[in-house]
Number of protein chains: 2
Amino acid sequence: MAYTVKQLSDLAGVSPRTLRHYDAIGLLKPASCGENGYRYYSNESLLRLQQILFYRELDFSLEEIKEIVGSPDFDVIAALRAHKKAMRQQRSRLERLIVTIDKTILHLEGKRNMSHKEYFENFSEEKQRKYAEEIRQRFGDKAFEGCTDWSSYTPEQQAAIRAEIESIYRDFVEKIDHDPRSAEVQQIVARWHQNLRYFYEPSVEGMRGLGQFYSEHPDFAAKFRSMHPTLPEFLLEAIDEYCGNLTGAV
Amino acid sequence: MAYTVKQLSDLAGVSPRTLRHYDAIGLLKPASCGENGYRYYSNESLLRLQQILFYRELDFSLEEIKEIVGSPDFDVIAALRAHKKAMRQQRSRLERLIVTIDKTILHLEGKRNMSHKEYFENFSEEKQRKYAEEIRQRFGDKAFEGCTDWSSYTPEQQAAIRAEIESIYRDFVEKIDHDPRSAEVQQIVARWHQNLRYFYEPSVEGMRGLGQFYSEHPDFAAKFRSMHPTLPEFLLEAIDEYCGNLTGAV
DNA sequence: TATACGGCATGACGTAACGTCAATGTCAAG
DNA sequence: CTTGACATTGACGTTACGTCATGCCGTATA
């Protein structure tokens, strides 16, 4: 029920010094302090520490964290939902950083050209800052994305949409000897893009992620590979190009 | 061709002070130093700075970075591939953190029980450290995952494997009224797990990612939802449980 | 030509979030 | 009853910069 410093530090994967520091700055006070001066942490402390670690993961300063979790109208569950959203953003940032890596490799191998600006894309996103403001303003946020409900379509519509998807994939296979960046192929990507919107409003990042996924995920890749051995890589290149142009245009 | 401090700092999204600091500690020396004492950075500097930022992103200390990028046998492209791998790990760690968030929410809502240990799962992964050691030992790493080549199967085998996958999905639908954590359902998950191995050796994280993906990605979710409206969520829960047990066992 | 103004330089000190001793008290096990 | 792991409070060290202060450079404008 009550944890000592070492016990909690082992559990949470932080150093004892860190816990003492958090006590010192009033960020995480122990639930009780024994006669001997020992710190004892309770259930609630654990939850609070978890919150602190989540915010730390998102690069908040301890001062900011203290303000946030110390606020009287701090809602743990709402905060958790916000964390989820922020981590998804982090994740997509990582994905875009991976794209930057890919581009750089191609560039260094002389297979592609790259502007100096592109070297440093996606390192520091200001979205993180936006999130910080947002959360300081209001803790209760919905965090539910506007994902169109598939079941809102009639069975006939569903069948039609699926058929369209399949036909798009077949069209890709047909053009597989073309350059993925050619106009013809790019047109098919545009159709694919349109089709996605039956499900949700796809962001550029989201689509890039799909391209990645199509080529990486074995289950998916298997499906495409069964249509054509190199289809996944072809799709990846084509979608990447498409997204690149989108970004340039916007 | 030559960038001044401010120009490079704007380009790369770091402060001028940071650049001066990197010069001071010998991490990033300017290509040339003008009569007036001005720092001028070249093309190569840009690439080096990019490398530095990548390592910084992975929480290396500047001292470590200096050692690594300063090493005579430092191979940029190999390093980039290693970055890619490390960032994928980061990404999957984030995904698991999101799972931890979900669990905590369910726990707080009283819909699920959670051990104190679970509170802090996936915050600090020691894999990061493993990567650090690995990269310090040897820069030239292959970074190509052992992904079984789908085309190495005969068409008949491919068909059989796909058929097996489909049958597994159908079995899930059949048991959809059961508890996802029941033994019967877990057995099907085990079959699914086995089947994955035709494609690659799935890690626990990888599988958890799949569960997430099945329920999140619209294209995939659509496929499953067409089989049963709540199949994606069912799969997510079932796979999550399965992975949880695996981790516990190992 | 003067002057303003942004960018450059070098110190030098500040700071955040701990790490790392040092010196000392506490407690459960053998 | 000692031993060894864990507890305490200082206090200083460290990393990766931020933030002045002070002064020089360079060029666009009055």
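Values in this document were obtained by computation on a predicted structure and should not be read as measured data. Order of the sequence lines sets the chain letters (A, B, ...), proteins ahead of strands, with each chain counted from 1.
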Summarise protein proximity over nucleotides 2-13 of chain D in one line of letters, 5' to 3': B for base, S for sugar-phosphate only, - for none, counting protein heavy atoms closer than 4.0 Å. ----SSBB-B--
Rounded to whole Å, how long is the line connecting atom CZ of R56(A) with atom P of dA16(C)? 17 Å
In this structure, how many angstroms lie between the C1' atom of dT15(D) and the CG atom of L27(B), rounded? 13 Å
Do L80(A) and F54(A) have side chains that get closer than 4.5 Å, going by heavy atoms? yes
Closer than 4.0 Å, any side-chain N/O of Y22(B) to the OP1 or OP2 of dA16(D)? no
What is the distance, to the nearest angstrom, from the CG atom on L19(B) to the P atom on dA16(D)? 15 Å
Can you name the one residue among Q90(A), K85(A), M87(A) that meets side-chain contact (heavy atoms from CB on, under 4.5 Å) with I98(B)? M87(A)
Closest approach of L19(A) to S9(A) (non-hydrogen atoms, all atoms of both residues): CD1-N, 3.8 Å
With a 4.0 Å limit, can you tell me whether S15(B) has a side-chain N or O closer than that to the phosphate oxygens OP1/OP2 of dC17(D)? no
Rounded distance in Å - CD (E63(B)) to C1' (dT14(D)): 12 Å
Hey, are the side chains of L235(B) and W192(B) touching, using non-hydrogen atoms and a 4.5 Å cut-off? no
Taking every heavy atom of L97(A) against every heavy atom of E121(A), the minimum-distance pair comes out as CD2-O, 4.0 Å
Side-chain N or O of S9(B) versus OP1/OP2 of dG7(C): is the shortest distance under 4.0 Å? no
Please work out whether the ring planes of Y55(A) and F60(A) are parallel, tilted or perpendicular, with thresholds of 30° and 60°. perpendicular
